[in-house]
Undergrad: 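Got a structure for you, written out below as structure tokens; questions coming shortly.
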Amino acid sequence: NMMAGEIKNPAKNVPSALVISQIMLISVYLLANIAYCSILTLEELYNVDAIAIFVGRKMLARYGETWSRVGEVFFGLSVVVSTYGSLSSSLMGSSRLPFIAAQDGMFPKCVGLIQTKTGTPIVGLLYIGVTAFACVWPSNITNLIAYVGFLSWFWWGLCFLAVPVLRWKLPCMPRKFKVNLVIPVVAVLSTVYLVIGPFFVNPLPCLGWIAVTLIGVPIYYGFADDDNTCNKWMDQVNVFLAQLLGAEL
């Protein structure tokens with residue numbers, strides 16, 4: 001839904017894509033876990049780190065060492081392809097958030113630059129990449145996934161909550177498509193669990209990430225105020241980046 005503005009006939013294609021993709025994802029996930037539980041013992045499930053690779057090795061071990069290695073490589077590459085696909089879609093979606101914020105005057109205008117040849121938000125993509133590197137550099141990828149996931153679910157929960165709130169406050173507002181209110185309510189309840197849970201496991205890092213997030217508040221008001229305080233000294237940056245990257249607003 002972050003890229004709905006770039007999709008043809010979003011009223012029809014976005015809900016169809018969401019429903020079909022979720023059904024496929026849940027089906028594949030369940031089948032994979034059934035396969036894992038059928039092949040591995042409980043002790044192996046608990047102790048093995050790379051379960052998919054271990055399953056591939058064990059599943060074909062009966063045919064000899066060569067086939068065991070083939071299974072290991074095949075399952076490992078399958079995980080790599082799946083991870084790459086997830087990363088690609090996440091990067092495409094997340095880069096649109098600062099891009100739209102910049103177009104609405106809530107972020108530096110330069111982040112709203114569009115590469116003229118490819119039509120992509122080039123500065124938004126670079127911003128997401130640099131931010132991810134800055135987050136993972138002092139820590140490790142495991143902590144980044146855990147705590148960024150915590151923050152992501154917090155903001156997604158607010159998005160889910162916005163659906164019933166706007167349906168109540170603006171009932172007559174025209175909408176491209178509607179969802180049954182049961183869906184956002186269930187999503188909000190699930191989000192509450194996913195946000196509160198990490199505090200019981202490791203509260204200090206969670207508080208640290210919340211503090212980092214709150215840094216964005218003065219930045220937001222600096223760009224969204226009536227005087228455009230921050231935008232006054234950003235014009236030269238916009239021109240420089242536009243020339244450097246071959247982009248335009």
Side-chain angles (χ1 to χ4, degrees), residues 1-38 45 51-52 79 82-83 85-101 104 106 128 132 135 142-203 205-210 212-214 216-217 220:
N1 60 349
M2 298 177 188
M3 301 180 64
E6 303 174 47
I7 298 175
K8 295 180 179 180
N9 193 7
K12 176 183 177 182
N13 292 329
V14 170
S16 299
L18 291 174
V19 172
I20 294 172
S21 62
Q22 290 303 308
I23 292 175
M24 293 178 62
L25 178 64
I26 293 172
S27 300
V28 171
Y29 186 84
L30 289 175
L31 290 172
N33 279 275
I34 291 172
Y36 296 159
C37 295
S38 301
L45 285 170
I51 292 181
V79 172
S82 175
T83 304
S86 176
L87 176 63
S88 177
S89 61
S90 299
L91 187 60
M92 289 177 63
S94 59
S95 63
R96 268 62 180 179
L97 295 177
F99 169 71
I100 295 299
D104 290 344
M106 303 176 187
I128 292 296
C135 290
T142 302
N143 289 339
L144 178 65
I145 293 172
Y147 298 119
V148 170
F150 154 76
L151 286 178
S152 298
W153 277 111
F154 174 77
W155 294 112
W156 289 339
L158 294 179
C159 292
F160 299 147
L161 184 61
V163 175
V165 170
L166 291 176
R167 193 76 62 84
W168 172 56
K169 288 190 173 183
L170 302 171
C172 299
M173 182 179 182
R175 293 171 172 85
K176 293 291 184 180
F177 56 88
K178 289 185 178 181
V179 297
N180 192 299
L181 287 180
V182 174
I183 297 175
V185 169
V186 172
V188 169
L189 295 176
S190 302
T191 303
V192 170
Y193 167 76
L194 292 170
V195 170
I196 294 178
F199 274 101
F200 292 97
V201 178
N202 205 348
C206 292
L207 293 173
W209 280 104
I210 290 175
V212 171
T213 304
L214 292 176
V217 175
Y220 165 79

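Keep in mind the model is a prediction, meaning the values are calculated, not measured.
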Undergrad: Suppose we screen for side chain to side chain contact (heavy atoms under 4.5 Å, CB included). Which residues come up paired with Met173, at least two apart in sequence or across chains?
TA: Leu170, Arg175
Undergrad: Nearest 0.5 Å please: distance from the CD1 atom of Ile20 over to the CG atom of Leu25.
TA: 13.5 Å
Undergrad: List for me each residue that meets side chain to side chain contact (heavy atoms under 4.5 Å, CB included) alongside Leu194, sequence neighbours excluded, and say none if there are none.
TA: Trp153
Undergrad: Could you pull out the closest heavy-atom pair between Leu45 and Ile51, with the gap in Å?
TA: O-CD1, 4.1 Å
Undergrad: For the residue pair Leu181 and Pro164, what are the closest heavy atoms and their distance?
TA: CD2-CA, 4.0 Å
Undergrad: To the nearest 0.5 angstrom, please state how far the CG atom of Asn13 sits from the CG atom of Leu18.
TA: 10.5 Å
Undergrad: Counting distance only, does the side-chain N/O of Thr83 pair as donor-acceptor with the main-chain N or O of Val79 below 3.5 Å?
TA: yes
Undergrad: Rounded to the nearest 0.5 Å, what's the gap from CE on Met92 to CD1 on Ile128? Could you check?
TA: 13.5 Å
Undergrad: Would you name the heavy atoms of Pro184 and Phe160 that are closest together and state the gap between them?
TA: CB-O, 3.6 Å
Undergrad: Can you tell me how far CG of Leu87 sits from OG of Ser82, rounded to the nearest 0.5 angstrom?
TA: 11.0 Å
